[in-house]
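Have a look at the structure below, then the notes.
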Amino acid sequence: MPIWNPEYECMERAQMRELQLSRLKDQITRAYTHSKHYHAALDAAGVHPGDIHELSDLAKLPFTDKTALRDNYPFGMFTVPMNEIVRVHSSSGTTGKPIVVGYTRADLQIWTEMCARLCSAAGVTADDRVDMTFLYGMFTGGWGMHYAIERIGATIIPAGSGATERHLMMMQDFGTTVFIGTPSYAVYLSEVGEREGIDFAQLPIRLGLFGGEATSVAMRKEIEARMGIRATDNYGLSEVGGPGVAGECEVGVGRHVNEDNFYPEIIDPDTGEVLPEGEVGELVLTTLTKEAMPILRYRTHDLTRLTYEPCACGRTLCRIDPVRTRTDDMLIIRGVNVYPSQVEDILFSVEGVSPHYLIVVDRKSGLDNLEIRLEIDAALFSDRMEPLVEMQERIAEKVQAVLGLRAHIRLVEPGSIERTQGKSKRVLDRRKL
Ligand code: DLL
C-alpha cells in the first residue's frame, strides 16, 4: 500500500532523532521567547532553551497541563500576533471555559498532511467517497479530517454530525466507501440502519476511520461485523493539534505517531519519571513544528505504551497501543479503583449484551452504590424472568471477581440508554451533584 510521505514516515531512526532535536530546540526557543506562560514556567524550573543538547534533555522541562491552557484563555498561549492566526478550535469539554487552540496557515498545512497520512495509512485513496460524521465546528475532528480527505483527492461528503437518516440515505445513494466518526456513533448508525432494513453487506462501504474516544476490541469487532467494514483507530487531542497525532496503518498493530511533528514520552503518572520503551504509562506530547501554539510536555492523561520496533508496513514512526484508560477517569467506589474500560471488558465478555451501557454511581447513607445499566438484545426480553435474572447474576459475579465490588446490574430495553452523536458518555457519577 502506498505511504503518503515516505521521506518522513520511513525515515531512519538516527536521522529522525536529529530532526526532532533540531525542531525541539526551535520549538522551545519559540515558546520561551514568545509565550509569557512558558517564559515564566521555564524560568521557575531553572531551565533555558540553551540547556537542550539531546532529546533526553526534554525531561528537564516542566510539564504543561490543562490548567495552563485554561488560565490563558482564550488566546494567551499563542506565540504569533492574531493577524497570523487563520483558524481557532476548542476542546470538547462540557464544563467551564473551553481550551482554545490556534493555527497559522503553515500549521494548517502540516495538520492536513498529518491527517492525510493517517487516512492514507488506513487505505483511503482518491477513488473513495467519504462520509464525515464528526462534528464540524469547534471540534477538531470534522475540519481536520475534512481537509485531509480533500488533500488525498477522495470525495468528501461533509454531512457532519447528526441526521442519521440522511447519512444512511446518502450511504446508499452516493455509494459511500469510507465512514469517519466516533465508534459509538457507528454503533448507533448501524442500529438505525438495521432497523430500517439496510443490509450493510450489500453497500460499497468498506472502511471506517474511528477516533476521538476509546474502543474496546470487542466493540471494534462488533462494528466491523455489523457494517461490513475494516476499522482503524486514530488518536489525537485538541491541545496538541486534534486528529493526526497518531494513526493506525493497515497492519493494525499500533498507531503510528507523527514523530516529525510530535515528540512522545511515556511517564509514570505518579512520579513524572520518563519510563523506558514498552512500559505502560501516561503519554506526554511535545509539539515540534507549531507556529501558533507550541505545547511543551503536555500531560494527556491517556495511558498507553510506546514501541520503536519496525512495523511490517514499512513505516519507521513509533507506535502507541490503543488508549483505553485515562488517569483521570478512574472512579473510586467504596475505596476500589474502577476504570470504565474494565467494566466494558467485563460486559463484552457476556453473550447477548449490547454495546450500550451506563455506569451510575450514587452515595446513600455514606455508602457508594455501583449500578450498571445495560441494554440487552430485544430477543432476551420475554415472558420468562429466569434468563434475565440468571444473566444479571452472571454479570454481577464477574464484576465481583474482577473488581471486588458488588454491583447492581439493571438490564434495560434496547434503545433506552441515551445515544450521542459524538463521544459517548459512559459514567454518571451522582456523588458530585
Ligand atoms: O478527540 C481529537 C480527535 C478527533 C482524535 C478525531 C481522533 C479523531 P479532544 O476532543 O480534545 O480531541 O479529545 C482528546 O479524547 O486525550 C483521549 O482521551 C480521547 N481520544 C481521542 N482519540 C482517541 C482514541 C479529539 N483513538 C481526548 N482512542 C484524548 C482513545 C481517544 N481515546
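In listed order, ligands and their atoms are each counted from 1.
Of all atoms in ligand 1, numbered sequentially from 1 with element shown, those under 4.0 Å from a heavy atom of Gly211 are 7 (C), 8 (C), 26 (N). Close approach to Gly141 involves these atoms of ligand 1, each under 4.0 Å from a residue heavy atom: 4 (C), 6 (C). Close contacts of ligand 1 with Asn234, meaning ligand atoms under 4.0 Å from a residue heavy atom, involve 7 (C), 22 (N), 24 (C), 26 (N). Within the listing of ligand 1, atoms 6 (C), 8 (C) sit less than 4.0 angstrom from a heavy atom of Phe134. Listed by atom number, the atoms of ligand 1 under 4.0 Å from Ser238 heavy atoms are 9 (P), 10 (O), 11 (O), 12 (O). Those atoms of ligand 1 that come under 4.0 Å of a heavy atom in Gly236, given as number and element, are 2 (C), 5 (C), 12 (O), 14 (C), 21 (C), 22 (N), 25 (C), 29 (C).
In this pair, His89 and Tyr103 present their aromatic rings perpendicular. The plane angle is above 60°, beyond the 30 to 60° band. Using the six-membered ring where Trp is involved, Tyr185 and Phe179 have ring planes that are parallel, under 30° apart on the 30 and 60° scheme.
The structure places NE2 of His146 at 3.5 Å from CD of Glu150, a figure rounded to the nearest 0.5 Å. We find the NZ-CD distance between Lys425 and Glu213 to be 10.5 Å, quoted to the nearest 0.5 Å.
For the pair Arg220 and Phe210, the cation-pi criterion (under 6.0 Å, within 45° of the ring axis) is not fulfilled.
Not a single heavy atom of Phe210 lies less than 4.0 angstrom from ligand 1.
Comparing Arg326, Glu213, Lys423 by heavy-atom distance to atom 1 (O) of ligand 1, the nearest is Lys423. Among Leu285, Ile320, Asp233, the residue whose heavy atom lies nearest to atom 26 (N) of ligand 1 is Asp233.
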Next item on the list: Tell me, with the steps shown, if Phe63 and Tyr298 meet ring-ring contact (aromatic ring centres under 6.0 Å, His included).
Entry: CA-CA 6 Å; Phe63 295 115; Tyr298 190 72; over 10 Å; no
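The side chain of Asp302, and not its backbone, has at least one atom closer than 4.0 Å to an atom of ligand 1 (non-hydrogen atoms only; side chain from C-beta on). The side chain of Thr140, and not its backbone, has at least one atom closer than 4.0 Å to an atom of ligand 1 (non-hydrogen atoms only; side chain from C-beta on).
Within 6.0 Å of CZ in Arg230 there are more than 12 heavy atoms belonging to other residues, nucleotides or ligands.
By the 3.5 Å distance cut-off applied to N or O atoms, Gly212 is counted among the residues near ligand 1.
With no hydrogens or angles considered, no side-chain donor-acceptor pair links Thr79 and Ser35 at under 3.5 Å.
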